[in-house]
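Have a look at the structure below, then the notes.
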Amino acid sequence: MPEDKNKENNFKLSAQDKLSVDSLYKWSKFVSISTITFGSITSLSIFFLAIPTAIIGIVTIVMGVKLNIASNHLRYAMQVNSKESVFIAADHLRQYFTFNGIVIIISMIFFIIIAIIVSLFAGAIIEIFNQSGFDYTISI
């Protein structure tokens with residue numbers, strides 16, 4: 001019986017499939033290391049900026065770790081032909097993309113709010129520049 005379970009857990013990959021999984025492994029490993037590095041740098045900026053940068057950095061590090069775990073499972077799945085590792089990798093990729101999607105949505109909302117605030121106060125901003133006494137006209 002354990003032999004049957006082992007057969008169900010393994011599957012065959014064609015040469016093209018192995019190339020695709022290997023490429024996915026390499027790129028996900030590169031992106032995960034880059035994401036963790038940028039997240040660490042962002043987290044360290046708490047000393048210069050504020051707590052929100054540390055929160056963004058921590059979320060970025062978590063995203064990088066999820067992607068790194070997925071890439072490790074992809075490599076293992078390719079080496080051992082483990083079906084279970086492919087599903088674990090897919091679940092971690094799902095979590096990575098979920099985090100990434102949430103960050104993108106929050107960023108879009110933030111930029112829309114900033115654009116609304118700038119457009120509401122555009123007259124005041126222009127007035128501040130006009131009061132400086134500097135002539136902004138271009139003469140030819």
Side-chain angles (χ1 to χ4, degrees):
M1 199 63 132
E3 227 177 353
D4 291 337
K5 185 175 181 187
N6 195 19
K7 285 182 182 178
E8 287 178 13
N9 217 9
N10 292 334
F11 64 104
K12 298 288 183 193
L13 291 173
S14 69
Q16 182 64 37
D17 294 339
K18 285 188 178 190
L19 284 174
S20 294
V21 172
D22 186 52
S23 178
L24 181 60
Y25 159 74
K26 289 176 182 174
W27 277 108
S28 63
K29 182 61 89 172
F30 170 75
V31 172
S32 71
I33 291 170
S34 300
T35 304
I36 291 170
T37 302
F38 290 132
S40 300
I41 292 169
T42 304
S43 292
L44 290 175
S45 67
I46 188 172
F47 299 117
F48 305 110
L49 300 173
I51 291 176
T53 58
I55 294 170
I56 292 168
I58 291 169
V59 169
T60 306
I61 291 170
V62 169
M63 288 172 50
V65 168
K66 290 292 180 188
L67 192 56
N68 193 27
I69 292 170
S71 69
N72 290 338
H73 278 284
L74 285 172
R75 183 165 183 130
Y76 179 77
M78 191 174 62
Q79 292 171 344
V80 195
N81 292 332
S82 171
K83 190 177 190 179
E84 184 179 347
S85 281
V86 170
F87 289 128
I88 292 171
D91 186 51
H92 283 283
L93 285 171
R94 177 194 57 80
Q95 293 172 16
Y96 169 79
F97 285 119
T98 301
F99 273 118
N100 202 8
I102 290 169
V103 168
I104 289 171
I105 290 169
I106 291 171
S107 298
M108 288 171 57
I109 291 170
F110 177 75
F111 287 123
I112 290 170
I113 290 171
I114 295 296
I116 291 170
I117 290 171
V118 167
S119 66
L120 288 175
F121 295 105
I125 294 170
I126 292 172
E127 189 62 34
I128 290 171
F129 284 122
N130 286 339
Q131 288 178 359
S132 68
F134 185 77
D135 185 17
Y136 292 100
T137 59
I138 299 174
S139 59
I140 299 178

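Because only heavy atoms are used, hydrogens play no part in the values below, and waters and symmetry mates are left out as well, while side chains stay in.
- Criterion: ILVMFWY side-chain heavy atoms under 4.5 Å apart, direct or through other members. Under it, V59 and Y96 are part of a common hydrophobic cluster.
- Of the possible donor and acceptor atoms, one in the side chain of T98 sits under 3.5 Å from a partner among the backbone N and O of R94.
- L24 CG to L93 CG: the interatomic distance, rounded to the nearest 0.5 Å, is 6.5 Å.
- Between T60 and T42, every side-chain heavy-atom pair lies at or beyond the 4.5 Å cut-off.
- A 4.5 Å side-chain heavy-atom check between M78 and L74 finds every atom pair outside the cut-off.
- The closest side-chain heavy-atom distance from S43 to I61 is below 4.5 Å.
- For the atom pair CD1 (I56) and CZ (F38), the distance works out to 15.0 Å, reported to the nearest 0.5 Å.
- Closest heavy-atom contact between S85 and Y76: OG-CD2, 2.9 Å.
- Going from atom CE of M63 over to atom CD1 of I36 covers 11.0 Å, rounded to the nearest 0.5 Å.
- Taken together through direct or relayed side-chain contacts under 4.5 Å among Ile, Leu, Val, Met, Phe, Trp and Tyr, I109 and I112 form part of one hydrophobic cluster.
- Of the inter-residue distances, the one linking H73 atom NE2 with D91 atom CG reads 10.0 Å to the nearest 0.5 angstrom.
- In this structure a side-chain-to-backbone donor-acceptor pair under 3.5 Å is present from S71 to N68.
- Cluster membership for F111 and V118, using ILVMFWY side-chain heavy atoms within less than 4.5 angstrom, is shared.
- Residues F97 and V31 share a hydrophobic cluster, clusters being chains of Ile/Leu/Val/Met/Phe/Trp/Tyr side chains in contact below 4.5 Å.
- In the hydrophobic cluster analysis, where Ile, Leu, Val, Met, Phe, Trp and Tyr join through side-chain heavy atoms closer than 4.5 angstrom, I116 is grouped apart from M108.
- For the atom pair OG of S28 and CD1 of I69, the computed distance is 12.0 Å after rounding to the nearest 0.5 Å.
- Between H92 and L67 there is no side-chain heavy-atom pair separated by less than 4.5 Å.
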